[in-house]
A.B. asks: 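To start, I am sharing the structure in question, which I have written as structure tokens.
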Amino acid sequence: MLDEKILSVLRNNTESYVSGEDLSKTAGVSRTAVWKHIEKLRRDGYEIEASPHVGYRLISIPDLLTADEIRWNLKTKILGRSVISYKKVDSTNTVACQLAEKGVKEGTVIIAEEQAKGKGRQGRVWVSPSKGGVYMSCILKPAIAPNEISKITLLAAVAVTKSIRSVTGLGAMIKWPNDILVNHKKVCGILTEMKAEQDRVDFIVIGIGINVNTPRRYIPKGASSLKEEMRALRKSEDVPRVELVRSVLETLESEYTMLNKNGFNDIIEEWKRYSAMLGARVKVVLPGRAFEGQVHNIDDRGELVIRTESGMLERISSGDILMVR
Ligand code: BTN
């Protein structure tokens, strides 16, 4: 809170120095306490110039996924109004589920620099090294039936795709249900978990993992990071993670509002626009069987419709889809 107050004054005055006295008045603490907080901010990576008898001036801000950084200038009403950030957790989804059980507000976001036990879909591990990736989980409480959860999953994929496109300029595409690809390589995965009664959802946790500036050695074969794909465009600097997270929260919220207001059709249309799959030949791997076919459509419940070799239409609501080239 104190950090937030001091930072906020410094941010609003980057052209000039702010005196220690003014900072201590605004924050309601002694000048020694101000100085200690400035030192802490510096240790966290903020570059703050100090001029004797004049004051302090903010020079640069680190790209850290802290609650203060994410909430700064965040234009949302629900998502991210409360952000809980960690240096390291087992899994942001696990923390989010525990907090949601305890009744935290809709829109609460859990984010970490590193995960020790990052969870992927279908029991897989999501490798989550420190510095470079985005690991975040958003708690939503939509008024939908449990069998409509895939709508939220697809909506999240649309929101993240749009954000990656707007922040990086990369041509991100969606692979059903919610992998995000750039140049056919996976850069983001989404894991949705929920608690529900028979006819209503108590809460949904949308877990989003993005390989942003993640070093190559941590990225599985066939996957990539945003930074690596930017390099192909001769852009070598890091992708700004805080800006990306803010954009994801803002876009997710506007898609969520659209779903609540206009229903699912508009989301499906957007999903189709960014789909890397319509018309593609795929192999569908389900528990106990696998078959090949061509992606025909996505229906109004978010299920993938495949035309099989024999011409039949099969609807898939979960499973692994491999693109056949
Ligand atoms: C996938 O397998 O494609 C889904 C990966 C989801 C990873 C994210 S990272 C943040 C959140 N916390 C987790 O443990 N998993 C999700």
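All ligand and atom numbering here is 1-based and tracks the order in the structure.
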A.B. asks: Looking at T92, T66, I70, which one forms a side chain to side chain contact (heavy atoms under 4.5 Å, CB included) with S85?
C.D. replies: T66

A.B. asks: Has E255 got a side-chain atom pairing as donor or acceptor with L155's backbone, closer than 3.5 angstrom?
C.D. replies: no

A.B. asks: Counting only heavy atoms and a distance below 4.0 Å, can you name the residues contacting ligand 1?
C.D. replies: S91, T92, N93, Q115, G118, K119, G120, R121, W126, Y135, M136, S137, D179, K186, G189, I190, L191, G207, I208, G209

A.B. asks: Using a 6.0 Å cut-off, check whether atom CH2 of W72 has over 12 heavy atoms from anything other than its own residue.
C.D. replies: yes

A.B. asks: Is the closest basic N to carboxylate O distance between E113 and R241 below 4.0 Å?
C.D. replies: yes

A.B. asks: Let me see the working for E314 and T308 under side chain to side chain donor-acceptor pair (under 3.5 Å), right down to the final yes or no.
C.D. replies: CA-CA 7 Å; E314 281 229 30; T308 65; 5.9 Å; no

A.B. asks: CE of M258 to CD of E253: how many Å apart, nearest 0.5 Å?
C.D. replies: 13.5 Å

